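Written out below as structure tokens is the structure these notes cover.
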Amino acid sequence: MALYSRITGTGSCLPPQRLSNADLVSKLAAQGVETSDDWIVERTGIRARHFADDGVFSSDLGLVACRAALQAAGLQASDIDLIIVATSTPDMVFPSTACILQHKLGANGGAAFDVQAVCSGFIYALAVADAMLKTGAARKALVVGAEIFSRILDFTDRTTCVLFGDGAGALVLESGSKPGILASDLHADGRHVGILCVPGHVAGGQVLGDPLLKMEGQAVFKLAVGVLEDAAHATLAKADKTASDIDWLIPHQANIRIIQSTARKLKLPMEKVIVTVDQHGNTSAASIPLALDHGIRSGRVKPGQTLMLEGVGGGLAWGAVLLDL
Ligand code: ACO
């Protein structure tokens, strides 16, 4: 009997500290950095983001999201035999945030590891989990995106610090005879490492190089629009589907203009797109599972519907997953 993987529960977590654009604009003005609500809304669609308090780590946000996903799936942490965390802001250099999260959940014993593919990390993690469940290497997985980007932002650089937020999203993926995930498509092009990176590294007890996020926004924007369209079409072709089969597009939430452009290229009306970038900002690997959970909990995204999830980010790395919920 062929094995498939299917989502059986989702959850998410936003840290309580919410900063509207007005809050961020005044915080930055106090440091001599000039920006405005108008600029942020017009260029990005972002109106607010959440920042984690000091002492809170990606695993803490992931823990809340995982508990909600487990509850939705009707499972206990002890049922889980695989945890994959997509993050670029891990708790420690090592061990993995997945191992730390596994311990906090009390789900010890199964496989646990991190995936680092920046904003496409959740798509990578979901595709890897799907492959493992289909081969029988695991049966019940937690796939998590958890980020605290506020810790790697340069708050003197207005071109990046207004864009990002913190959060986590998680889903339970279970193997079975009924198809859930239909196809996936992953890519990277390392020639573009320099346009979106945190170049610093740890050596000799110090961070050498710049430990804060650098981005050439326009270069990322132009590449993102093209690769997202390509990944969506490649994934649809693998599943022998067309864009008209998509009930919901749930894209990485970086910029409303990238989201609108992707929807236009797929000839999907914005009514079929889940948008959370206005309230969350760009939460990197957490953005897609956060948007998925919000879509489900708001009652818009329903069982039986066909979803296209896709993301792009540093690397450049990108990918898409098509699934039946
Ligand atoms: N407030 C006010 N003015 C600003 C701000 C700000 N926060 N930031 C930039 N500006 C100014 C610039 O200095 C520039 O001024 P100038 O014309 O006098 O030189 C002007 O606004 C226009 O700047 P652009 O960079 O051309 O603005 P653009 O329309 O390209 O928007 C943005 C910038 C929002 C970053 C956009 O390029 C973008 O979204 N890029 C893609 C980001 C992305 O998708 N990342 C993906 C994944 S993220 C990850 O993997 C971690």
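Heavy atoms only: backbone and side chains are in, while hydrogens, waters and symmetry mates are out. Small disclaimer: the values here were computed from a predicted structure and weren't measured. Atoms within a ligand are numbered from 1 in the order they appear, just like the ligands themselves.
Protein residues with a heavy atom closer than 4.0 Å to ligand 1 are T35, W39, R43, T44, V118, C119, F149, R158, T159, V162, L163, F164, L196, M215, G217, Q218, V220, F221, H252, A254, N255, R257, I258, N282, V312, G313, G314, listed by chain and number.
Closest of all the heavy-atom pairs between A68 and R297 is O-NH2, 3.6 Å.
Classification of D130 and K134 as a salt-bridged pair holds, one side-chain N sitting under 4.0 Å from a carboxylate O.
Under the rule for a salt bridge (Lys or Arg N to Asp or Glu O under 4.0 Å), the partners of K265 that lie at least two apart in sequence or sit in another chain are E229.
Counting heavy atoms of neighbouring residues, nucleotides and ligands inside a 6.0 Å radius, atom NE2 of H201 exceeds 12 of them.
Here the CG atom belonging to L63 is positioned 11.0 Å from the NE2 atom belonging to H103, to the nearest 0.5 angstrom.
With no hydrogens or angles considered, no side-chain donor-acceptor pair links R49 and Q279 at under 3.5 Å.
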